[in-house]
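The structure appears below as structure tokens.
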Amino acid sequence: MMFFEKFFKKKEKNSFAANENVQALHKNLPFTASEQYRMLRTNIQFTLPANVKCPVIGVTSSIRGEGKSTTSVNLSYMLAEKGHRVLLIDADLRLPSIAKKLDMKGAPGLSNMLVSSNMDMEEFKSDIHDQWYILPAGDIPPNPSELLGSERMEKLLDTLKEQFDYIVIDLPPVNLVTDAISISNFLTGMIVVVRENYVTKHDVDNCFRQMNLSNVNILGFVMNESSQGGGTYARRKNYKYYKKEQ
Ligand SMILES: Nc1ncnc2c1ncn2[C@@H]1O[C@H](COP(=O)(O)OP(=O)(O)OP(=O)(O)O)[C@@H](O)[C@H]1O
Ligand SMILES: [Mg+2]
């Protein structure tokens with residue numbers, strides 16, 4: 001697959017260790033990486049409240065480059081692979097990356113949909129899996145934070161929830177802009193990606209402080225590029241232990 005090769009090329013260039021445990025994306029994945037994302041899928045499903053028809057899961061982090069988009073792509077793909085109808089939304093409206101990662105057009109997308117509501121979701125069905133839909137960011141708007149927290153966004157999500165089993169939303173980092181906090185009222189919960197040996201404890205504390213102040217429902221966090229191999233997921237209570245031990 002085109003995007004699969006492209007993903008690997010990108011990975012070689014960045015500073016992540018060349019570790020075969022952390023390759024990602026798709027059904028040709030090496031066993032260990034697929035297993036990590038499958039485990040993430042299972043843990044998320046246990047963490048989510050049982051009575052929610054279509055959970056809306058936000059994915060954020062403290063700073064840029066921690067692996068939010070990679071996690072969003074793989075988590076949503078794994079949910080689709082399980083037979084759920086899944087929508088992945090790129091809501092990093094300032095620096096969108098999902099379309100590029102998956103070799104698709106970046107517009108029209110979310111920002112356009114927020115202005116004209118009569119767009120057909122079938123247009124966004126991925127070629128990779130027929131239960132996997134991908135809504136790119138669309139044209140870059142002047143006011144992302146306002147848009148993401150707007151009544152229009154809430155209405156759009158309500159409409160989309162009728163059509164899908166899960167919605168996964170890729171967001172910008174909390175410490176940089178208010179976008180992730182702005183949309184948080186419309187989410188079932190948030191996953192926080194923490195890239196080991198990259199983000200400082202101060203950054204992570206700052207991020208969690210902001211989310212706590214805004215009462216964001218944190219589902220758990222993903223340790224990306226974890227020394228335990230490939231990435232691990234922990235529920236929120238484990239984060240408290242992590243905080244105490246530091
Ligand atoms: N577990 C991983 N193993 C190897 N490479 C990874 C892993 N996670 C992310 N990467 C790579 O690191 C880079 C940053 O990842 P990604 O784009 O997912 O981060 P992000 O948090 O979405 O960044 P941004 O804040 O800029 O949107 C990408 O080139 C991606 O391919
Ligand atoms: Mg990203």
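Ligands are counted one by one from 1 in listed order, and the atoms in each one are counted from 1 as well.
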Number the atoms of ligand 1 from 1 as they appear, then name those within less than 4.0 Å of a heavy atom of D92, with their elements.
27 (O)

Residues R209, D205: salt bridge by 4.0 Å N-O rule
no

For the Mg ion (ligand 2), every protein N/O/S atom that sits closer than 2.8 Å, waters excluded:
S69 OG

Polar-atom distance check: P173 versus ligand 1, any N or O pair below 3.5 Å?
no

Quick check: does K68 get an N/O under 3.5 Å from an N/O on ligand 1?
yes

Is R195 touching ligand 1 with its side chain, its backbone, both, or neither, if touching means heavy atoms under 4.0 Å apart?
neither

For D179, check side-chain hydrogen bond (donor to acceptor under 3.5 Å, both in side chains) against everything at least two apart and list the hits.
R94

Taking a hydrophobic cluster as the set of Ile, Leu, Val, Met, Phe, Trp and Tyr residues connected by side-chain heavy atoms closer than 4.5 Å, whether directly or through intermediates, do L48 and V86 fall within one such cluster?
yes

What do you reckon, does S61 have a nitrogen or oxygen under 3.5 Å from a nitrogen or oxygen of ligand 1?
no

Just distances here: any N/O of D170 and N/O of ligand 1 closer than 3.5 Å?
no

So for S97, does at least one of its heavy atoms come nearer than 4.0 angstrom to any atom of ligand 1?
no

Is any side-chain heavy atom of D127 closer than 4.5 Å to one of M104?
no

Atom CD of E123 with >12 non-hydrogen neighbours under 6.0 angstrom:
yes

Before signing off on this row, confirm whether Y37 and ligand 1 have an N or O atom pair separated by under 3.5 Å.
no

ring-ring contact (aromatic ring centres under 6.0 Å, His included) partners of residues 145-164, not counting sequence neighbours, each pair once:
Y133-F164

Any residue meeting salt bridge (charged side-chain N to carboxylate O under 4.0 Å, His left out) with D158, in chain and number order, not counting sequence neighbours
K161

Strictly below 4.0 Å, N to O, side chains only: are D92 and R64 in salt-bridge contact?
yes

So that I can tick it off, tell me whether R41 and E81 are bridged by a salt bridge, with the cut-off set at under 4.0 angstrom between side-chain N and carboxylate O.
yes

Just distances here: any N/O of G67 and N/O of ligand 1 closer than 3.5 Å?
yes

